[in-house]
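Below is one structure, written out as structure tokens; comments come after it.
Each chain gets a letter, A, B and so on, in the order the sequences are listed, and its residues count up from 1.
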2 protein chains.
Amino acid sequence: MRDNNDMPGHLARRFQQIAVAVFLAEVGEAGFDLTPVQYAALATIKANPGLDQVTLAGLIAYDRTTITGVVDRLVQKGLAERRASPRDRRARELEITDEGRRVLRKITPAVESAQQIMLRGLSAREGEELMRLLRKAIAAGNELSRAPLRDMQA
Amino acid sequence: MRDNNDMPGHLARRFQQIAVAVFLAEVGEAGFDLTPVQYAALATIKANPGLDQVTLAGLIAYDRTTITGVVDRLVQKGLAERRASPRDRRARELEITDEGRRVLRKITPAVESAQQIMLRGLSAREGEELMRLLRKAIAAGNELSRAPLRDMQA
DNA sequence: TACTGATAGTCAGCATACTGAGCAATATCG
DNA sequence: CGATATTGCTCAGTATGCTGACTATCAGTA
């Protein structure tokens with residue numbers, strides 16, 4: 001029988017588990033309380049002011065039902081704002097707050113450090129190669145999950 | 001700023017997301033209702049009859065608080081049994097049922113197929129290399145999560 | 001314009017995962 | 001032996017992620 005260590009699915013889960021733990025540890029030590037998902041959402045909102053939730057979900061490959069809760073928590077923490085879109089009354093436009101900008105700026109070193117720690121067993125070249133292979137596998141499987149990555153439309 | 005696609009943490013989340021979706025799709029098409037986590041637990045119980053929950057958790061790197069629910073559902077589906085250990089009254093010994101054995105046997109082709117599909121963007125050599133790099137990164141980060149991989153004690 | 005279909009967002013329900021706390025039982029050591 | 005520490009398990013609470021359903025709104029078309 002195939003061993004766990006020969007199962008890409010098992011290795012994926014394990015690597016992600018470590019990645020999240022490292023992220024939370026680094027960010028927590030820096031004095032912040034932000035999850036990987038919240039960080040990605042906030043950074044994307046900052047880079048695309050006024051985007052709606054579906055677009056945000058597509059840009060970071062979240063399910064749209066997950067985004068609701070994530071944005072709820074960003075708003076609740078005062079890092080982002082959600083307001084009705086003037087052009088489409090179904091949509092909510094998202095904006096980062098000054099406090100959100102401040103947190104993003106201060107948190108960046110911890111996030112960078114986390115990315116390094118989760119690759120600490122690999123050489124620089126191996127780390128690059130791992131990322132390349134992950135990107136390639138992800139690109140081929142993009143449409144297989146309910147929350148595929150999507151480009152900006154306009 | 002570092003792009004999402006240059007963040008190993010983001011790539012890890014995305015790859016795992018696809019891996020789970022592929023697993024559920026393949027297994028579902030084969031007519032079974034088993035999650036990746038439940039599958040790993042059941043296979044490990046079969047390979048190590050009579051093991052307790054903490055040992056099971058260590059062998060597949062789950063948090064012990066997660067195992068409780070997973071085993072609950074395996075028991076509820078009639079695939080595994082949980083009984084008090086005669087040697088340690090705190091511990092529960094786990095055993096696979098005949099139905100569990102039958103399901104494992106029948107489900108194997110779908111699981112195998114899923115492992116291939118999630119690597120379909122890569123050549124055979126690239127798939128091997130990806131798994132090697134993941135194993136190496138995981139080994140170096142094993143102690144960084146609350147649920148590290150553990151060997152059998154006995 | 002009225003109908004039809006698609007879209008944005010939310011919600012209920014379920015299954016991982018984690019933190020932190022607690023209980024019962026076992027191990028260890030003075 | 002008795003106090004202390006450790007261990008196996010569970011639980012409450014929170015945060016992803018998913019399925020499926022629903023409402024409100026918009027877009028396209030007959």
Between A:I45 and A:I96 the two heavy atoms that sit nearest each other are CG2-N, 3.6 Å

B:G127 versus B:L119, closest heavy-atom pair with distance: CA-CD1, 4.2 Å

Within residues 8-19 of chain B: residues closer than 4.0 Å to DNA chain D (heavy atoms): B:R13, B:Q17

Under a 4.0 Å heavy-atom cutoff, the residues of residues 77-92 of chain B touching DNA chain D are B:R82, B:R90, B:A91, B:R92

Protein-nucleotide distance ([X], atom [atom1]; [N], atom [atom2]), rounded to Å:
X: A:L24; N: C:dG20; atom1: CG; atom2: P; value: 11 Å
X: B:F23; N: D:dT19; atom1: CZ; atom2: P; value: 15 Å
X: A:L74; N: D:dT14; atom1: CG; atom2: P; value: 17 Å
X: B:L34; N: C:dC14; atom1: CG; atom2: C1'; value: 15 Å
X: A:Q53; N: C:dC11; atom1: CD; atom2: P; value: 11 Å
X: B:L144; N: C:dT19; atom1: CG; atom2: P; value: 12 Å
X: B:L56; N: D:dC9; atom1: CG; atom2: C1'; value: 13 Å

So, are [X] and [Y] salt-bridged, with charged N and O less than 4.0 Å apart?
X: A:R102; Y: A:E99; answer: yes
X: A:D6; Y: B:R135; answer: yes
X: A:R132; Y: A:E126; answer: no
X: B:R120; Y: A:E143; answer: no

[X]-[Y] side chain donor-acceptor pair, cut-off 3.5 Å:
X: A:R13; Y: A:Q16; answer: no
X: A:N4; Y: A:R14; answer: no
X: A:D52; Y: A:T55; answer: yes
X: B:R73; Y: B:Q76; answer: no

Applying side chain to side chain donor-acceptor pair (under 3.5 Å), which residue pairs with at least one partner in residues 20-34 of chain B are found, sequence neighbours left out? B:E26-B:S113

Within the sub-3.5 Å range, which N or O atoms of nucleotides 1-4 of chain D have a protein N or O partner, and how far apart are they?
none

Quick check: is A:Y39 connected to A:V75 through a chain of hydrophobic side chains (ILVMFWY, heavy atoms under 4.5 Å apart)? yes

May I ask you to evaluate whether B:R146 reaches the phosphate of C:dT19, defined as a side-chain N or O under 4.0 Å from OP1 or OP2? yes

Quickly, which of A:E93, A:R82, A:R64 forms a side-chain hydrogen bond (donor to acceptor under 3.5 Å, both in side chains) with A:Q53? Name it, please. A:R82

Once you apply a heavy-atom cut-off of 4.0 Å, does A:A147 come out as touching a base, just sugar-phosphate, or nothing? sugar-phosphate

Strand contacts (DNA chain C) in residues 62-72 of chain B, 4.0 angstrom heavy-atom criterion: B:D63, B:R64, B:T65, B:T66, B:V70

Set of residues satisfying salt bridge (charged side-chain N to carboxylate O under 4.0 Å, His left out) with respect to B:E81, sequence neighbours excluded: none

Nearest-nucleotide comparison on DNA chain C, the residue closer to the 5′ end among B:Q38 and A:D52: A:D52

